[in-house]
Engineer: 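I'd like to ask some things about the structure below.
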Number of protein chains: 2
Amino acid sequence: MFSIGDLSRRTGVKVPTIRYYEQMGLLEAAERSEGNQRRFGKRELERLAFIRHARDLGLTIESIRELIDLSGHAEKPCADADRIAKEQLASVRDRIAQLKRLEKELERIALCCTGETVGDCHVIRALSNHALCATDH
Amino acid sequence: MFSIGDLSRRTGVKVPTIRYYEQMGLLEAAERSEGNQRRFGKRELERLAFIRHARDLGLTIESIRELIDLSGHAEKPCADADRIAKEQLASVRDRIAQLKRLEKELERIALCCTGETVGDCHVIRALSNHALCATDH
DNA sequence: ACAATATCTCTAGTGGCTGGAAGTCTAAGG
DNA sequence: CCTTAGACTTCCAGCCACTAGAGATATTGT
């Protein structure tokens with residue numbers, strides 16, 4: 001049995017964040033000490049690691065809730081879990097594609113600066129005039 | 001002179017967002033009609049396009065405020081504008097790199113699903129066990 | 001003149017935390 | 001056993017960049 005601070009140190013999840021996950025229903029309400037402090041065991045540690053991992057992969061709290069619900073029903077087909085992961089993959093790929101377009105545009109804008117004054121600054125001119133852009137965004 | 005709705009249609013920026021930009025000080029307080037409705041001209045249209053463009057490129061409101069301040073001082077050197085653009089480029093590149101690591105991890109997780117039940121679902125197992133990950137995150 | 005649409009201000013909500021205040025509990029040292 | 005430092009509790013506010021809604025007023029078209 002360890003305290004919320006211990007759990008935090010073991011998982012790298014900040015204390016207020018752990019309480020937040022509990023409030024959001026990702027962690028079940030923890031047992032309490034006589035003095036009303038939370039006490040966690042191995043099970044909670046593992047679940048928190050799961051949550052942290054999923055968050056690191058960009059899954060929303062809502063998706064994680066779904067996955068936790070699913071994992072409680074070992075007999076169901078795992079199509080839903082699969083769908084959540086695939087949707088997340090698709091959304092990550094979308095964001096990468098979008099950021100690459102931005103990168104191109106910013107390169108054009110930022111790398112052309114010739115170090116003169118604001119009056120003829122390429123950065124500001126480029127931002128003022130969308131027509132100078134190579135891609136649409 | 002056009003109304004906020006006209007401005008919205010011309011720039012693709014939603015009406016409440018225009019009011020929000022005014023509130024944030026990116027747009028100067030607009031002239032008003034007799035009945036207290038905002039009236040905009042070409043100047044405001046151009047500035048809003050500038051703002052929209054910068055936002056599309058991922059610049060924060062704060063950075064845009066800086067750029068607007070700068071653009072009012074045509075005689076100053078444009079190093080600051082250049083720095084803002086370069087910082088944004090660096091941050092975009094960071095995010096791309098991070099998302100690519102995620103993409104790899106999600107591919108491994110999502111594409112291995114063999115369509116069985118939750119009990120032996122690869123997605124859920126992978127999320128439960130960080131040790132299965134190829135990269136650190 | 002009237003109806004339909006647009007605008008006004010103000011407030012609150014989004015997601016995923018993060019920080020602070022004010023009070024209570026626990027663990028270690030003396 | 002007592003003290004004290006630190007960890008813990010709850011509750012509330014704030015972050016960013018909007019977005020939505022209520023209820024009142026203005027404008028526009030017929």
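By convention in this document, chain letters (A, B, ...) are assigned in the order of the sequence lines, proteins followed by strands, and residues within each chain are numbered from 1.
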Engineer: Taking B:G41's backbone N and O only, do any of them form a donor-acceptor pair with B:E44's side chain (distance below 3.5 Å, no angle check)?
Structural biologist: yes

Engineer: Under 4.0 Å from a heavy atom of chain A: give me the 5'-most and 3'-most nucleotides of DNA chain D that qualify.
Structural biologist: D:dC8 to D:dT10

Engineer: Within the side chain of A:S8, is there an N or O that forms a donor-acceptor pair under 3.5 Å with the backbone of A:V13?
Structural biologist: yes

Engineer: Whole Å only: how far is the CG atom of B:N36 from the C1' atom of C:dC10?
Structural biologist: 14 Å

Engineer: Counting just side-chain N and O atoms, does B:R38 come under 4.0 Å of either OP1 or OP2 of C:dT7?
Structural biologist: no

Engineer: If only atom types and distance count, is the side chain of A:R10 paired as donor or acceptor with the main-chain N or O of A:F2 below 3.5 Å?
Structural biologist: no

Engineer: If you check every side-chain atom of A:Q37, which of C:dC17, C:dC8, C:dT26 has the closest atom?
Structural biologist: C:dT26

Engineer: In whole angstroms, how far is the P atom of C:dT7 from the CG atom of B:L7?
Structural biologist: 10 Å

Engineer: On DNA chain D, nearest-nucleotide positions of B:Y20 versus A:V15: which is more 5'?
Structural biologist: A:V15

Engineer: Name the residue closer to the 5' end of DNA chain D, choosing between B:L59 and B:G35 according to the nucleotide with the nearest heavy atom.
Structural biologist: B:L59

Engineer: Quick one: A:I4 CD1 to C:dA27 P, roughly how many Å, whole number?
Structural biologist: 15 Å

Engineer: Would you mind telling me which residue lines up with the more 5' stretch of DNA chain C, B:S3 or A:Y21, judged by nearest nucleotide?
Structural biologist: B:S3

Engineer: Taking B:R47's backbone N and O only, do any of them form a donor-acceptor pair with B:R52's side chain (distance below 3.5 Å, no angle check)?
Structural biologist: no

Engineer: Can you check the A:L48 CG to C:dC17 P distance for me, whole Å?
Structural biologist: 11 Å

Engineer: Which part of the nucleic acid, if any, lies within contact of A:R55, taking any heavy atom under 4.0 Å across all strands shown: a base, the sugar-phosphate backbone alone, or nothing?
Structural biologist: sugar-phosphate

Engineer: Any donor-acceptor pair under 3.5 Å linking the side chain of B:R55 with the backbone of B:L59?
Structural biologist: yes

Engineer: Any donor-acceptor pair under 3.5 Å linking the side chain of A:E87 with the backbone of A:I84?
Structural biologist: no

Engineer: Between C:dC17, C:dT18, C:dC8, which nucleotide has the shortest distance from any of its atoms to the side chain of B:R32?
Structural biologist: C:dC8

Engineer: Which whole-number value in Å describes the distance from B:Q23 CD to C:dT9 P?
Structural biologist: 10 Å

Engineer: For A:R39 and C:dA27, what is the distance between atoms CZ and C1' respectively, to the nearest whole Å?
Structural biologist: 11 Å

Engineer: Take atom CZ of A:R65 and atom C1' of C:dG15, then tell me their distance rounded to the nearest Å.
Structural biologist: 12 Å

Engineer: Hey, does the side chain of B:Q88 reach the backbone of B:G58 with a donor-acceptor pair shorter than 3.5 angstrom?
Structural biologist: yes

